[in-house]
Amino acid sequence: MMDAELPDREAMEFDVVIVGGGPAGLAAAIRLKQLSPDASVVVVEKGAEVGAHILSGACIDPIAIDRLLPGWREEDTPIRTPVTEDRFYMLFGQRALKLPNAFMPPLMSNHGAFIVSLGDVCKWLAGKAEALGVEIYPGFAAAEVLFGDKGEVVGVATGDMGVGRDGQPKDTFTRGMELRGKYTLFAEGARGHLGKRLIARYGLDRDREPPKFGIGIKELWQVAPEQHRPGLVQHTFGWPLDNKTGGGSFLYHYGDNLVAVGFVLHLNYENPYLSPFEEFQRFKTHPLVRDTFAGGKRIGYGARAITEGGWQSVPKVAFPGGALIGDDAGFLNVPRIKGTHNAMLSGMLAAEHTAAALAAGRAGDELADYENAWRGSDIGKDLWKVRNAKPLWSQFGTAIGIGLGGVDMWTNTLGFSLFGTRRHGKPDSACLKPAASCRPIAYPKPDGVLTFDRLSSVYLSNTNHEEDQPVHLVLADPGLQKASEHDVFDGPSGRYCPAGVYEWVREDDGPQSRVRFQINAQNCVHCKTCDIKDPNGNITWVAPEGGGGPVYPSM
């Protein structure tokens, strides 16, 4: 059915529309209502409920929460486990070298931080927002940006529901809704599919370095009481990755015998045979960490992309009628593996400038003061000190790059840098080498006790999509996928995806056999790695029906 034949969408008018119910979007909503109690504010969230799609380590710096909700420490909140001990290790095969904390730059200290479930924190923030009068619509995916006559953003439209895989309306068809606002803030997280379009439309990345990303894979374990160390934060780098491949791990002990274990792998890796999921499973077998899980039970799994470009890659964050906040803009601090504080601070900063614009009677113009303010704010100060850590690591490898990055963070603490501001170079999609120049990697089979396969992992993520809907992983050119992704790179999509979405299926045995690219969209955990790493940019992630995807249990 053509758009002209569809019924008109109903429209609702607000002062401010916020896309995304994560820490950035909720902080923005709360701050707006604190400053402008009479302003109408709506948050649209694609997850089935607030927190359903939230995945993070998470060890959070409380600087933003302290400013947003100063009395939170006297309340019953999900922020309960302070960090009591920091450990840093370099792994070599079966050995581990503990790095003295005194050698670590001051900003790497987790003193004063808290270990949390970020999903639970977002549910708590949503309650705070609703108490102030914010309207929150979970289960509705923002699928389209709406533009005014002057090219300004005037809101978003949620996706139609009840559309069949053939693109035709089913009996359950419901037209999406237009949420129109004087300003629209985009807080979709890393590689936001609307944010990506806005960056391209307005040229927001002009004179910026290409965006850089990592994939973070996480499991939640209930461990034996004797293995639990409440408040322990442990980070490693090195094995199982080779010196040229960047990444590392975290273990956070908190709650009721809970351990969050995760692995972050930089998506500028070169070997198409590498599998981030399998590297994570290998990591858990290291003698330093494997005993932590003895007698324990894995109770959660998830994956998501994280932004790693930092200072150099942050696009222009303001445009006519709206702004990018949180990981939609790329405010994560890579060496600290922390983004929640900057996400919230950016939401609050954008809210303050939006509130000032509303008070002045403005609408639909560019929030230039927000763009001009962030680099001089605590966000900019945080990212400036670590701006060279990722490019030095990528250029010189783990052993030397980590050392140089540490020196640079120390000198930046003192107000200068020996390296100036390094460049990132090419985007992650351009980093794979042809399969012919790389060695395949033989990964061990999972044992089902400490190491696992993808499908049993996806099961723990509670991922579900309406099966009869258009595939939300859009393949632009099937011929190119076969000629390049398969024939040149030997099908890395089946390895970089942590959810078993992509398969190259061989059909018709014998000399006439061929391979077919299969997309198992129902498995998708919305990590968006494919949108980043496909060597031809041939796969585009778009929002499926609202409410689909993972439902993370306190991740």
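Residues Ile136 and Val42 fail the side-chain proximity criterion, which asks for heavy atoms closer than 4.5 Å. Residues Ser117 and Tyr552 form no side-chain contact, since every pair of their non-hydrogen atoms from C-beta on lies 4.5 Å or further apart. Side chains of Leu185 and Thr354 form a contact here, defined as non-hydrogen atoms less than 4.5 Å apart. Between Ser417 and Asn388 there is a side-chain heavy-atom pair separated by less than 4.5 Å. Using a 4.5 Å cut-off on side-chain heavy atoms (C-beta onward), Ile18 and Leu32 make contact. At a threshold of 4.5 Å between non-hydrogen side-chain atoms, the residues Val163 and Pro470 count as touching.
Side-chain contact of Ser313 with Arg208: a donor-acceptor pair under 3.5 Å is absent, judged by distance alone. Between the side chains of Asn110 and Lys338, at least one donor N or O lies within less than 3.5 Å of an accepting N or O. Judged by distance alone, the side chains of Asn342 and Asp382 do bring a donor and an acceptor atom under 3.5 Å apart. Defined by atom type and a distance below 3.5 Å, a donor-acceptor pair is present between the side-chain atoms of Ser493 and Glu485.
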Listed pairs under 3.5 Å, donor-acceptor, residues 154-162 side chains, sequence neighbours left out:
from, atom 1, to, atom 2, distance (Å)
Thr158, OG1, Met177, N, 2.9
Thr158, OG1, Met177, O, 3.4
Asp160, OD1, Arg175, NH1, 3.0
Asp160, OD1, Gly176, N, 2.7
Asp160, OD2, Arg175, NH1, 3.1

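Closest of all the heavy-atom pairs between Leu345 and Ile63 is CD1-CG2, 4.3 Å. Taking each heavy atom of Gly326 and Ser346 in turn, the nearest pair found is N-OG, 2.8 Å. Minimum interatomic distance between Ile325 and Ala28 (heavy atoms only, all atoms of both residues): CD1-CB, 4.0 Å. Counting all heavy atoms, side chain and backbone alike, Cys527 lies closest to Thr529 at SG-OG1, 3.1 Å. Nearest heavy-atom pair, Pro169 versus Leu6, reported as atom, atom and distance to 0.1 Å: CG-CD2, 4.4 Å. Residues Trp393 and Gly246 come closest through the heavy atom pair NE1-CA, 3.8 Å.
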Would Lys385 and Met409 count as a side-chain contact (heavy atoms from CB on, under 4.5 Å) if you check the C-alpha gap in whole Å, the side-chain angles of each, and the deciding distance to 0.1 Å?
CA-CA 6 Å; Lys385 293 177 182 177; Met409 284 187 277; 5.8 Å; no
Check against side-chain contact (heavy atoms from CB on, under 4.5 Å), Leu125 and Leu69
CA-CA 10 Å; Leu125 289 172; Leu69 301 166; 3.9 Å; yes
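Scanning for salt bridge (charged side-chain N to carboxylate O under 4.0 Å, His left out) contacts around Arg362 gives Asp365, with sequence neighbours left out. Applying the side-chain hydrogen bond (donor to acceptor under 3.5 Å, both in side chains) test to Arg80 and every residue at least two apart in sequence or in another chain returns nothing. In this structure Pro544 satisfies the side-chain contact (heavy atoms from CB on, under 4.5 Å) test together with His465, Gln469, His472, His526, Trp541, sequence neighbours excluded. Judged as a salt bridge (charged side-chain N to carboxylate O under 4.0 Å, His left out), and not counting sequence neighbours, the contacts of Asp327 are Arg304.
Ring pair Tyr137/Phe140 is perpendicular by interplanar angle, where above 60° counts as perpendicular and below 30° as parallel.
For Arg31 and Glu352, the salt-bridge test passes: some basic side-chain N is under 4.0 Å from an acidic carboxylate O.
For residues 344-385, the pairs satisfying ring-ring contact (aromatic ring centres under 6.0 Å, His included) are Trp311-Trp374, Trp311-Trp384, Phe331-Trp374, with sequence neighbours left out.
Between the side chain of Ser377 and the main chain of Ile379, a donor-acceptor pair closer than 3.5 Å is present. For the pair Asp468 (side chain) and Arg165 (backbone), a donor-acceptor distance under 3.5 Å is present.
Note that Lys533 lies outside the cation-pi zone of Phe213, set by a 6.0 Å cut-off to the ring centre and a 45° limit from the axis.
Other residues, nucleotides and ligands contribute over 12 non-hydrogen atoms within 6.0 Å of the NZ atom of Lys218. With a 6.0 Å radius and a threshold of 12 heavy atoms from other residues, nucleotides or ligands, Glu10 has its CD atom at or below the threshold. Asp8 CG: 12 or fewer foreign heavy atoms inside a 6.0 Å radius.
Across Asp531, Asp428, Asp328, a single residue satisfies salt bridge (Lys or Arg N to Asp or Glu O under 4.0 Å) together with Arg191, and that is Asp531.
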